[in-house]
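Computed from a predicted structure; not experimentally measured.
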Amino acid sequence: MTIRFHHVSVSVADLDAQRRWYAGALGFTEVVEEFEVPEAGVRTAVLQTPGGVRIELIARAGSARAETFTDPMDVLRAQGYGHWALEVDDLDDAFAGLTSAGAEPVWPPADAVRPGARFGYVKDPEGNLIELIQPAAS
């Protein structure tokens with residue numbers, strides 16, 4: 001069996017605003033798929049970066065965030081998915097660019113466990129946690 005990453009799905013309150021933010025801040029500009037399930041109050045957009053990374057943004061009428069958190073360790077109080085991670089070439093540049101685009105800084109760029117690697121965390125405008133990872137130089 002061959003396994004490849006396909007996409008991550010994020011439940012959002014405002015699909016149109018999040019589409020604009022993910023396109024402008026992270027380059028998710030290609031619309032791969034859009035659909036609605038009117039009887040369930042669901043609207044979905046699958047977006048992709050030029051490099052092929054995909055995100056599915058799903059808005060459901062009446063949905064609400066179950067819990068908020070203050071940092072990446074706080075989210076571990078609940079089981080299930082806690083964040084999604086993106087590999088970046090320049091962590092400082094990515095962190096600064098996302099925070100100036102409206103992301104909330106959560107954990108500033110820091111050294112990772114793996115020597116030479118670095119990481120940081122931000123929240124998108126609706127509070128979804130994103131980890132940024134700059135791998136060690138080869």
Side-chain angles (χ1 to χ4, degrees):
M1 170 173 45
T2 301
I3 298 174
R4 289 177 297 281
F5 179 80
H6 191 270
H7 73 273
V8 64
S9 173
V10 178
S11 177
V12 300
D14 186 334
L15 180 62
D16 298 326
Q18 287 294 82
R19 282 178 69 158
R20 285 190 300 275
W21 190 82
Y22 276 92
L26 288 167
F28 285 90
T29 54
E30 181 185 339
V31 178
V32 175
E33 181 178 82
E34 296 177 284
F35 67 91
E36 292 187 30
V37 184
E39 59 275 10
V42 172
R43 292 177 54 223
T44 296
V46 178
L47 309 174
Q48 180 172 287
T49 66
V53 177
R54 291 181 181 184
I55 185 169
E56 179 180 26
L57 301 174
I58 303 175
R60 182 169 187 180
S63 67
R65 183 168 301 283
E67 192 171 347
T68 59
F69 53 88
T70 57
D71 64 53
M73 299 303 134
D74 192 29
V75 76
L76 298 174
R77 291 181 292 132
Q79 295 178 351
Y81 293 101
H83 71 272
W84 65 297
L86 297 171
E87 184 176 306
V88 298
D89 296 329
D90 183 329
L91 177 62
D92 294 317
D93 184 56
F95 193 87
L98 289 174
T99 54
S100 39
E104 179 184 336
V106 175
W107 194 304
D111 291 338
V113 173
R114 179 168 290 203
R118 300 178 66 228
F119 74 103
Y121 285 89
V122 298
K123 289 182 189 177
D124 74 14
E126 289 192 4
N128 299 298
L129 190 61
I130 303 169
E131 181 178 10
L132 304 170
I133 300 171
Q134 178 181 318
S138 319

Open item on the list: Are Glu87 and Pro135 packed together at the side-chain level, in the sense that at least one heavy-atom pair is separated by less than 4.5 angstrom?
Closed with: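 Of all side-chain heavy-atom pairs linking Pro135 with Glu87, at least one is under 4.5 Å.
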Task: Heavy-atom side-chain contact between His7 and Val32 under 4.5 Å - done: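 Answer no - side chains too far apart.
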TODO: Identify, with sequence neighbours excluded, every residue that meets salt bridge (Lys or Arg N to Asp or Glu O under 4.0 Å) alongside Glu36.
DONE: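 Listed in chain order: nothing, the list is empty.
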Tell me the closest heavy-atom pair linking [X] and [Y], and the distance in Å.
| X | Y | answer |
| --- | --- | --- |
| Gly27 | Pro50 | O-CD, 3.4 Å |
| Ala23 | Thr29 | O-CG2, 3.9 Å |
| Pro115 | Ala136 | O-CB, 3.3 Å |
| Val106 | Pro72 | CG1-CD, 3.6 Å |

Task: Glu56 (side chain) donor-acceptor with Thr44 (main chain) under 3.5 angstrom - done: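 No, because the side chain of Glu56 does not come within donor-acceptor range (under 3.5 Å) of the backbone of Thr44.
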TODO: Using atom types as modelled and distance alone, determine if a side-chain donor or acceptor of Arg65 lies under 3.5 Å from a backbone N or O of Glu126.
DONE: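 Flag set: sc Arg65 to bb Glu126 pair under 3.5 Å.
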- [ ] Carefully, step by step, assess Arg19 and Glu34 under the rule side-chain contact (heavy atoms from CB on, under 4.5 Å).
- [x] CA-CA 11 Å; Arg19 282 178 69 158; Glu34 296 177 284; 2.5 Å; yes
Open item on the list: Rounded at 0.5 Å granularity, tell me how far CZ in Arg60 sits from CD1 in Ile58.
Closed with: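 Between Arg60 CZ and Ile58 CD1, I get 10.5 Å after rounding to 0.5 Å.
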Task: Distance (rounded to the nearest 0.5 Å) between Arg54 CZ and Glu30 CD - done: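 Between Arg54 CZ and Glu30 CD, I get 7.5 Å after rounding to 0.5 Å.
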Task: Hydrophobic cluster (4.5 angstrom, side-chain heavy atoms) - remaining members for Val12 - done: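 Besides Val12, the cluster holds Phe5, Val8, Val10, Leu15, Trp21, Tyr22, Leu26, Phe28, Val31, Leu47, Val53, Ile55, Leu57, Trp84, Leu86, Val88, Leu91, Phe95, Leu98, Val122, Ile130, Leu132.
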Open item on the list: Under the rule for ring-ring contact (aromatic ring centres under 6.0 Å, His included), what residues qualify as partners of His83, not counting sequence neighbours?
Closed with: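 Expected list: Tyr121.
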Open item on the list: Does Gln134 form a side-chain contact (heavy atoms from CB on, under 4.5 Å) with Asp92? I'd like the steps, not just the answer.
Closed with: CA-CA 9 Å; Gln134 178 181 318; Asp92 294 317; 5.7 Å; no
